[in-house]
Amino acid sequence: MAEFNKEGLGNVLLVAISVCLVCSIIVSAAAVALRPMQKENQELDQKQNILRAAGMLPADATVGADGRSVDELFAEFEVRAVDLDTGEYVDIDIADFDPIKAAKVPGESRRLTDDEDMATIRRRENVSLVYIRREEGRLDKVVIPVRGYGLWGTLLGYLALEGDVETISGLGFYFHKETPGLGGEVDNGNWKALWNGVAAFDGQGNPAVRLVKVRSPQGSDAAQHEVDALSGATLTTRGVENLVRFWTGDLGFGPYLNNLRTTG
Ligand SMILES: Cc1cc2nc3c(=O)[nH]c(=O)nc-3n(C[C@H](O)[C@H](O)[C@H](O)COP(=O)(O)O)c2cc1C
């Protein structure tokens with residue numbers, strides 16, 4: 001009887017292929033099984049970012065100051081889709097709508113000219129999302145997604161405005177590639193706190209935020225629009241100023257915010 005040669009080429013290949021097959025099945029099954037959990041975690045993360053920008057969730061906290069969960073706090077927001085050109089609400093299914101993905105689709109976005117593209121995003125989606133919180137029917141907060149290029153890459157975040165649609169409530173980034181200690185100071189709580197109370201627009205409704213190395217005299221008209229520049233990070237600083245101005249301007253949420261200011 002022929003002896004079974006377990007070290008023969010055929011058997012080695014068979015074992016190797018079998019192990020690969022089993023492993024790939026396990027990895028694929030894990031990826032599929034974990035996808036809903038990943039999506040849930042991503043959604044939770046976005047909710048936290050929106051709440052933090054709106055000042056409703058302390059930094060690093062996972063529950064509100066009053067002990068309410070992120071889901072409970074976020075439930076106070078109405079999420080609407082907005083046509084950025086007209087500033088009007090549009091009825092689309094927002095469940096899986098991603099404005100950043102839409103910005104990559106030619107039919108769902110527009111290419112910006114060099115003059116228009118102050119945030120260096122190349123394409124801007126036609127429709128984006130806004131997060132609105134009302135208190136006894138009165139507008140309390142509106143949060144808009146913002147993004148733009150810093151030094152090393154695109155910063156993604158949220159800008160929250162108070163119910164007057166003039167005063168900034170907060171700004172926070174959930175993704176960026178800036179250097180820790182330099183441009184990465186966009187995450188510094190003390191710097192982020194400086195945004196609270198800053199006037200986003202001038203008297204004509206034009207974006208007016210400025211990041212400055214030297215502040216204007218306290219109480220002056222200019223001072224109300226100013227935030228400290230990030231020290232040693234001039235390029236990130238310029239990127240942040242540009243992206244805030246872009247998204248509060250005519251090509252961003254300007255038309256929508258104008259509508260909201262008049263209609264509440
Ligand atoms: C390793 C390294 C990382 C840097 N990271 C940043 C950064 O994240 N953001 C930034 O604006 N500048 C960063 N800089 C500094 C810029 O290269 C540039 O010098 C600076 O933005 C200009 O600022 P200044 O005009 O205040 O000198 C970095 C420099 C080095 C060497």
Side-chain angles (χ1 to χ4, degrees), residues 45-61 70 73-74 77 82 99-100 118-121 124 128-133 139-180 182-202 206-213 215 223-231 233-249 251-254 256-257 260:
D45 188 49
Q46 291 302 311
K47 288 176 185 173
Q48 287 180 340
N49 288 309
I50 291 162
L51 292 168
R52 288 205 177 103
M56 292 168 62
L57 187 68
D60 300 326
V70 166
L73 291 167
F74 189 76
F77 281 88
V82 168
I100 298 174
M118 62 193 294
T120 322
I121 53 170
R124 192 222 63 193
S128 190
L129 298 176
V130 292
Y131 306 83
I132 313 141
R133 182 176 186 267
L139 184 69
D140 176 52
K141 306 264 187 208
V142 54
V143 184
I144 58 173
V146 295
R147 68 181 187 279
Y149 213 78
L151 172 61
W152 304 115
T154 301
L155 295 100
L156 307 174
Y158 291 100
L159 177 76
L161 294 163
E162 301 290 355
D164 60 1
V165 200
E166 300 276 356
T167 311
I168 293 175
S169 166
L171 172 71
F173 295 102
Y174 59 89
F175 177 87
H176 67 77
K177 295 179 181 169
E178 306 308 287
T179 312
L182 295 170
E185 288 297 288
V186 289
D187 294 331
N188 182 315
N190 292 333
W191 183 76
K192 288 204 286 189
L194 300 175
W195 286 85
N196 183 251
V198 169
F201 303 97
D202 65 14
N206 301 310
V209 169
R210 289 185 63 224
L211 273 68
V212 295
K213 287 187 177 166
R215 291 281 194 126
Q224 60 176 331
H225 304 296
E226 291 174 353
V227 177
D228 289 350
L230 296 160
S231 88
T234 303
L235 297 168
T236 307
T237 297
R238 197 174 306 150
V240 172
E241 178 179 294
N242 287 341
L243 75 87
V244 169
R245 282 171 168 254
F246 177 84
W247 289 106
T248 52
L251 286 162
F253 290 90
Y256 168 70
L257 296 173
L260 195 61

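No experiment lies behind these values; they were computed from the predicted model shown. Heads up: numbering here begins at 1 and tracks the sequence.
Although no hydrogens or angles enter the test, the distance criterion places no donor-acceptor pair under 3.5 Å between the side chain of Thr236 and the main chain of Gly150. Using a distance-only test at 3.5 Å, with no hydrogens or angles considered, a donor-acceptor pair links the side chain of Arg124 to the main chain of Leu251. Within the 3.5 Å criterion, the main-chain N or O of Val227 finds no donor-acceptor partner in the side chain of Trp195. The main-chain N or O of Glu241 is never found under 3.5 Å from a side-chain atom of Arg210 such that the two would form a donor-acceptor pair.
Considering OH of Tyr149 and OG1 of Thr120, their distance stands at 8.5 Å, rounded to 0.5 Å. Taken to the nearest 0.5 Å, the CD atom of Glu185 stands 10.5 Å off from the OG1 atom of Thr237. Atoms CG and CD, from Asp202 and Glu166 in turn, are 9.5 Å apart once rounded to the nearest 0.5 Å. The structure places CG of Leu260 at 5.0 Å from CG of Leu139, a figure rounded to the nearest 0.5 Å. How far CG of Leu230 is from CG of Leu235: 11.0 Å, rounded to the nearest 0.5 Å. Atoms CG and NZ, from Asp228 and Lys213 in turn, are 12.0 Å apart once rounded to the nearest 0.5 Å.
Minimum interatomic distance between Ala200 and Leu161 (heavy atoms only, all atoms of both residues): CB-CD2, 4.1 Å. In terms of heavy-atom proximity, Lys192 sits nearest to Asp187 at CE-O, 3.8 Å. Between Pro207 and Arg245, the shortest heavy-atom distance links the atoms CG-O, 3.4 Å. Across all their heavy atoms, Ile144 and Trp247 have their closest contact at CD1-O, 3.9 Å.
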Legend entry - Pair His176-Leu151, side chain to side chain contact (heavy atoms under 4.5 Å, CB included): steps then yes or no: CA-CA 10 Å; His176 67 77; Leu151 172 61; over 6 Å; no
Inset, instruction - Let me see the working for Val143 and Leu159 under side chain to side chain contact (heavy atoms under 4.5 Å, CB included), right down to the final yes or no. - result: CA-CA 6 Å; Val143 184; Leu159 177 76; over 6 Å; no
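The side-chain heavy atoms of Val146 and Val244, taken from C-beta on, include no pair separated by under 4.5 Å. Side-chain contact between Thr248 and Val209 is absent, with no heavy-atom pair separated by less than 4.5 Å. Between Leu129 and Val82 there is no side-chain heavy-atom pair separated by less than 4.5 Å. The side-chain heavy atoms of Val186 and Trp191, taken from C-beta on, include a pair separated by under 4.5 Å. You'll find the side chain of Val142 stays beyond 4.5 Å of the side chain of Phe253, heavy atoms only. Counting only heavy atoms from C-beta outward, the side chains of Phe175 and Thr154 never approach each other to under 4.5 Å.
Considering only residues two or more places apart in sequence or on other chains, Lys47 meets the side-chain hydrogen bond (donor to acceptor under 3.5 Å, both in side chains) condition with Asp71.
Of the listed residues (Asp45, Ile50, Leu51), just one forms a side-chain contact (heavy atoms from CB on, under 4.5 Å) with Val70, and that residue is Leu51.
Ring pair Tyr131/Tyr158 is perpendicular by interplanar angle, where above 60° counts as perpendicular and below 30° as parallel.
Pairs of residues two or more places apart, or lying in two chains, never qualify as salt bridge (Lys or Arg N to Asp or Glu O under 4.0 Å) while including a residue from residues 168-179.
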In a table with atom names and distances, give each donor-acceptor pair under 3.5 Å that connects a side chain of residues 53-61 to protein atoms at least two apart or in another chain.
none

